[in-house]
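Worksheet: one structure, shown below.
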Amino acid sequence: MLRLASCLSLAFSLALPAVAQADGKPKQLVMISFDGAHDNALWTKSREIASRNGAHFTYFLSCTFLMNKAQAKAYQGPKQRVGKSNVGFAKSEDDVRTRIANIWDAHQEGHDISSHACGHFDGKGWSAADWKQEFMSARVALRDAWKNVGLADKEPQGWEDFATHDVKGFRAPYLSTSDGLMPAEKEAGFQYDASLVTKGPALPQVGDGIYRFGLPLIPEGPENRVVIGMDYNLYVRHSKGAEDKANAKIYEDRTFEAFEAAFNKQYDGDRIPLQLGFHFVEMNDGAYWRALDRFVSDVCHKQDVACVSYSEAIPLIAARGKSQQG
């Protein structure tokens, strides 16, 4: 009932005019996304955070986490040896079974399921053909996931259509792109790309029918030095990318304060959408996920705020009529 109420609340809020607020300001949009989308415990945790707060998230799925052992041995990323993945593969077929159930439930709850390709390779030197090869590997892995783990008879009605047509967004591993990416994205039918980094919160660029979003640089810490608004970058900033449980509360508070400050600047100002990125890994003893939970619990209930997926954000941004044409 809580989940239903939250979804209805969000649906009602999105039905309101995107521009005609009482003070003439647009809604403040907040877009939370996750790269990898593999750990099933974090699927549960993220969906629960969203349900509690009437939020919709975006999950950039790495498709190797849908592959059983036979598929893992056969998978080959562009310019890579067979069977290689920089992020590994599914632990077991049971692991995949739980994951695809989470994916379907999240899709039904209104979250975006988007693509993070497969093997998490750096595509800065890839051609359009290389990107298309990786996109096809991801699409097939998702489409055939149920039958590949012996659950063809339990595949939800509509899964194939979802896997083939409803994955509309992409974020490049390492945020690393090439000139071949956008042509490949267009051919694959993507509506948006979220691989950019911007100097601060920014409206998306729109080029060749694709919305290009960027994670912003936001001030953080005692000296307000800017950092990409993503958990991994904070992890490197705070502890040089090594676990430091002793100072986890300090890191959590610093992160929460940075998120709040970035939000308040836009909420009290021009209402540029705020994007924040996370991974399905709890770094520094979960400091960044706890900061996320605190942040979402605080801002998503505020007046004129919508915590939405990227695909939900696009029509709301378009209604503003201020997207940068690229």
Side-chain angles (χ1 to χ4, degrees), residues 29-53 55-62 65 87 102 106 111-112 114 116 120 171-175 194-198 200-201 213-266 273-300 307-310:
L29 304 183
V30 178
M31 290 107 85
I32 303 295
S33 59
F34 301 91
D35 290 6
H38 53 292
D39 187 313
N40 282 309
L42 295 180
W43 268 109
T44 299
K45 180 178 287 191
S46 63
R47 289 172 53 213
E48 190 275 331
I49 292 171
S51 178
R52 262 195 287 116
N53 295 291
H56 285 163
F57 296 150
T58 301
Y59 297 90
F60 291 102
L61 175 68
S62 295
F65 297 112
V87 290
N102 271 310
H111 302 289
D112 265 11
S114 291
H116 201 42
H120 207 277
R171 175 174 286 152
Y174 310 109
L175 304 179
S195 306
L196 299 179
V197 175
T198 56
F213 292 92
L215 291 169
L217 294 170
I218 61 173
E220 187 275 336
E223 298 175 358
N224 278 324
R225 291 188 297 132
V226 295
V227 64
I228 297 174
M230 194 172 213
D231 56 359
Y232 178 76
N233 303 84
L234 290 157
Y235 180 52
V236 172
R237 160 75 59 83
H238 292 157
S239 60
K240 295 181 170 53
E243 278 296 303
D244 180 11
K245 293 184 179 182
N247 290 302
K249 185 61 168 66
I250 294 172
Y251 303 145
E252 174 191 337
D253 290 344
R254 279 179 52 166
T255 299
F256 174 71
E257 290 162 8
F259 291 169
E260 287 276 302
F263 170 85
N264 288 332
K265 182 177 180 180
Q266 296 307 320
L274 177 63
Q275 303 166 60
L276 298 171
F278 297 84
H279 291 78
F280 263 33
V281 179
E282 293 186 296
M283 306 167 207
N284 277 333
D285 200 34
Y288 310 107
W289 274 70
R290 288 193 297 275
L292 165 67
D293 194 345
R294 290 167 60 185
F295 175 71
V296 170
S297 297
D298 181 44
V299 307
C300 292
C307 292
V308 295
S309 69
Y310 279 97

Return the [atom1] to [atom2] distance between [X] and [Y], rounded to the nearest 0.5 Å.
X: L215; Y: S33; atom1: CG; atom2: OG; result: 6.0 Å
X: F263; Y: I218; atom1: CZ; atom2: CD1; result: 13.0 Å
X: E257; Y: E252; atom1: CD; atom2: CD; result: 10.0 Å
X: W289; Y: I49; atom1: CH2; atom2: CD1; result: 6.0 Å
X: T255; Y: N284; atom1: OG1; atom2: CG; result: 8.5 Å
X: T44; Y: L42; atom1: OG1; atom2: CG; result: 8.5 Å

Show the nearest heavy-atom pair for residues [X] and [Y], with the distance to one decimal.
X: Y59; Y: A37; answer: CB-CB, 4.1 Å
X: A262; Y: L274; answer: CB-CD1, 4.1 Å
X: C300; Y: A55; answer: SG-CB, 4.3 Å
X: A172; Y: S195; answer: N-OG, 2.8 Å
X: A248; Y: D285; answer: CB-CB, 4.0 Å
X: P273; Y: P201; answer: O-CB, 3.6 Å

Is the side chain of [X] donor-acceptor paired with the backbone N or O of [Y] at a distance under 3.5 Å, no angle test?
X: Q275; Y: G214; answer: yes
X: D298; Y: R294; answer: no
X: E220; Y: V226; answer: no
X: S239; Y: A242; answer: yes

Are the side chains of [X] and [Y] in touch, meaning some heavy atoms are under 4.5 Å apart?
X: L276; Y: M31; value: no
X: I228; Y: L217; value: yes
X: D39; Y: E282; value: no
X: H116; Y: F65; value: no
X: S309; Y: H111; value: no
X: L234; Y: Y251; value: no
X: P222; Y: R254; value: yes
X: T58; Y: F213; value: no

Angle between ring planes, [X] versus [Y], binned at 30° and 60°: parallel, tilted or perpendicular?
X: F34; Y: F278; answer: tilted
X: H238; Y: Y288; answer: parallel
X: Y174; Y: H120; answer: perpendicular

Evaluate side chain to side chain contact (heavy atoms under 4.5 Å, CB included) for F60 paired with F280, printing each intermediate quantity in order.
CA-CA 10 Å; F60 291 102; F280 263 33; over 6 Å; no
Can you list the steps and then say if V299 with E260 is a side chain to side chain contact (heavy atoms under 4.5 Å, CB included)?
CA-CA 8 Å; V299 307; E260 287 276 302; 3.6 Å; yes
Pairing donors with acceptors under 3.5 angstrom, does anything connect the side chains of [X] and [Y]?
X: S297; Y: R52; value: yes
X: Y232; Y: D35; value: no
X: H279; Y: Y235; value: no

